[in-house]
Number of protein chains: 2
Amino acid sequence: MTKVTPEREAILAAIPYLRPLPARELRRIAARATVRDVRRDERVFEEGAPAEGLFVVMAGRIRLVRSSRGGREQILHTEGPGATLGEVPLLDGGGYVATAVGAEPSRLLYLPRAAIVDACRRHPGVALGIIRVLARRVRTFAGLVEQLALKDLTARTAGLLLTESRAAGRRTFDLSGTRDEMAARLGTVRELVSRSLGRLRTAGIVRVTRRRVTILDAERLAALAEGLAVRGESH
Amino acid sequence: MTKVTPEREAILAAIPYLRPLPARELRRIAARATVRDVRRDERVFEEGAPAEGLFVVMAGRIRLVRSSRGGREQILHTEGPGATLGEVPLLDGGGYVATAVGAEPSRLLYLPRAAIVDACRRHPGVALGIIRVLARRVRTFAGLVEQLALKDLTARTAGLLLTESRAAGRRTFDLSGTRDEMAARLGTVRELVSRSLGRLRTAGIVRVTRRRVTILDAERLAALAEGLAVRGESH
DNA sequence: GCTCGGGTGTGACTTTGGTCATGGATTCAG
DNA sequence: CTGAATCCATGACCAAAGTCACACCCGAGC
């Protein structure tokens with residue numbers, strides 16, 4: 001509930017789909033916003049809970065998660081500074097799609113629903129911007145479904161490493177989280193991530209320490225990610 | 001490429017998010033639309049292909065699918081009359097998210113991209129309507145991910161039966177497709193669907209013939225769908 | 001009627017995924 | 001430095017998913 005209006009305004013101005021708004025309106029929205037800090041592993045909101053506003057990540061990283069009784073979690077996506085959470089329930093009136101938890105200590109901005117819906121109505125550009133955000137999410141979810149439904153763990157692991165490497169822009173990079181977190185992204189459990197990485201390592205495809213990974217054979221890694229089982233690679 | 005303008009107009013008027021458009025504009029769009037018929041199993045478009053328009057299902061049913069080399073398919077969703085396909089690429093400029101194939105002989109209307117984007121810009125209600133469509137899709141995809149990542153086949157099968165039953169509005173209903181199609185919805189293969197249904201049958205939870213299903217014990221079926229393994233049900 | 005072909009159910013087997021238990025490494029507070 | 005708390009790797013085992021082969025059912029079309 002800190003009062004840092006100028007900072008808040010800067011944050012809002014950085015959200016792509018609010019660009020079409022005149023400064024005056026941005027300021028009005030910023031004035032009605034509140035700030036919230038969350039600790040690592042603290043829940044921001046729960047799947048299904050009623051939503052009355054939009055969250056903007058100011059700092060840190062937030063994981064969007066579905067979980068099963070028995071404690072297993074599946075990460076749907078992770079969002080960092082500048083991203084918004086909760087567009088879906090904001091605009092279709094339902095509850096939150098997933099549970100949000102801090103992947104690290106984070107600061108969020110909370111915008112009341114009415115302000116945004118208003119902006120959409122008066123500035124078609126805003127609505128189109130939100131459409132793009134949702135479209136992107138549909139794409140990533142479709143990708144996730146494909147991975148889970150038709151690729152085995154080796155392929156998914158290979159894919160994850162390629163993604164991370166691409167994001168880092170180098171072939172040596174640090175893994176984003178613990179084995180547990182990787183498992184939650186890959187739809188499996190800690191132990192199998194270990195084994196999977198182990199196999200890639202002994203096959204000479206990557207070098208792996210606890211956090212650091214180097215891709216040695218990008219070709220083969222890509223082939224694996226494509227789902228080509230490496231039959232005839234043994235011995 | 002048949003010319004049935006009045007029918008086309010009626011179809012467009014039935015699309016929820018085009019309601020805000022005045023009749024004059026609807027007519028203009030209808031005039032620029034073309035009709036396309038597809039046979040069962042014919043592809044309408046391929047995942048990744050560039051998209052320059054929006055499809056509207058006039059009659060029949062279209063499956064949206066991702067497939068792996070090796071021929072396994074995962075159905076993302078199925079759309080019937082009144083639904084639209086391809087909103088995502090239309091509005092974010094990318095390729096189609098999935099491959100569309102006729103689940104049965106179907107008739108589609110094709111609307112050129114410019115007409116729709118235009119309508120969004122001039123009528124915020126249209127954009128908000130599309131947002132609702134995308135929001136719905138995000139929800140169903142999130143559900144699919146959850147099913148695939150954290151429920152076993154028994155739970156998913158139970159869930160499917162409950163969904164179908166609810167859709168039919170009765171506890172006796174016909175299954176939507178072949179075992180193969182069910183498998184593609186559930187993220188598995190023909191044989192396992194057979195076995196899974198077989199287990200539910202011998203447990204006295206449902207009655208099953210090739211097409212017809214009757215739910216005998218909705219409670220237990222729901223419990224299974226929740227993912228509670230039925231430990232202690234054997235012997 | 002019969003045949004043919006797609007759709008199904010089942011058994012036997014392989015492979016993959018998941019669980020449990022254990023020991024080693026790493027980090028960090030005191 | 002030392003102990004506690006994590007995190008990680010790995011072996012042994014168990015359960016679920018997937019494959020292959022085959023026999024059957026049943027409706028469409030001679």
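Atoms considered below: every heavy atom in the structure, side chains included; atoms not considered: hydrogens, waters and symmetry mates. Chain A is the first sequence line, chain B the second, and so forth, proteins listed ahead of strands; every chain is numbered from 1.
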* Asked: What's the CG-P distance between Leu148(B) and dA17(D), to the nearest Å?
  -> 11 Å
* To do: Let me know the distance between CD of Glu181(A) and P of dT6(D), rounded to the nearest Å.
  => 17 Å
* Asked: Do the non-hydrogen side-chain atoms of Leu111(A) and Leu12(A) ever get within less than 4.5 Å of each other?
  -> yes
* **Ile131(B) and its side chain to side chain contact (heavy atoms under 4.5 Å, CB included) partner, picked from Asp92(A), Leu90(A), Ile131(A), Val133(A)** => Ile131(A)
* **Carboxylate-amine/guanidinium contact Arg190(B) Asp180(B), below 4.0 Å** => no
* Check the pair Val65(A), Glu47(A) against side-chain contact (heavy atoms from CB on, under 4.5 Å), reporting the backbone distance first and the verdict last. => CA-CA 8 Å; Val65(A) 160; Glu47(A) 172 196 344; over 6 Å; no
* Between P of dT19(D) and CG of Leu150(A), the distance in whole Å -> 11 Å
* Picking from Arg61(B), Arg137(B), Arg136(B), what satisfies salt bridge (charged side-chain N to carboxylate O under 4.0 Å, His left out) with Glu79(B)? -> Arg137(B)
* Asked: Can you check the Leu175(A) CG to dC8(D) P distance for me, whole Å?
  -> 9 Å
* Classify the side chain of Arg190(A) and the base of dG18(C) as holding, or not holding, a donor-acceptor pair under 3.5 Å. => no
* Asked: DNA chain D: Ala149(A) or Gly177(A), which has the more 5' nearest nucleotide?
  -> Gly177(A)
* **Any donor-acceptor N/O pair under 3.5 Å between dG18(D) base and Arg195(B) side chain** => no
* Asked: Of all the choices, dC8(D), dA17(D), dG18(D), which nucleotide is nearest to the side chain of Leu153(B) once you look at every atom?
  -> dA17(D)
Would you list the protein and nucleotides 23-25 of chain C atom pairs, both N or O, that sit under 3.5 Å from each other?
none

* **Derivation of the side-chain contact (heavy atoms from CB on, under 4.5 Å) call for Arg179(A) and Leu197(A)** => CA-CA 10 Å; Arg179(A) 296 294 125 107; Leu197(A) 289 174; 3.6 Å; yes
* Structure fact -> 5'-most contact on DNA chain C (nearest-nucleotide basis), Thr209(B) vs Glu191(A), goes to Thr209(B)
* Asked: Hey, does the side chain of Ser194(A) come within less than 4.0 Å of dT10(D)'s phosphate (OP1/OP2), counting only N and O?
  -> no
* Asked: How many Å lie between CG on Asp152(A) and P on dT19(D), as a whole number?
  -> 11 Å
* To do: Using whole Å, report how far CG of Leu186(A) lies from P of dG18(C).
  => 11 Å
* Under-4.0 Å salt bridge between Arg185(B) and Glu164(B) -> yes
* To do: Look at the side chain of Thr178(B) and decide which nucleotide, out of dA17(D), dG7(C), dA9(D), has an atom nearest to it.
  => dG7(C)
* Asked: dT10(C) P sits how many Å from Arg179(B) CZ, rounded?
  -> 11 Å
* Spacing of Leu200(A) atom CG relative to dA9(D) atom C1', expressed in whole Å -> 15 Å
* Asked: Would you say dC8(D) has OP1 or OP2 under 4.0 Å from some side-chain N or O of Arg211(A)?
  -> no
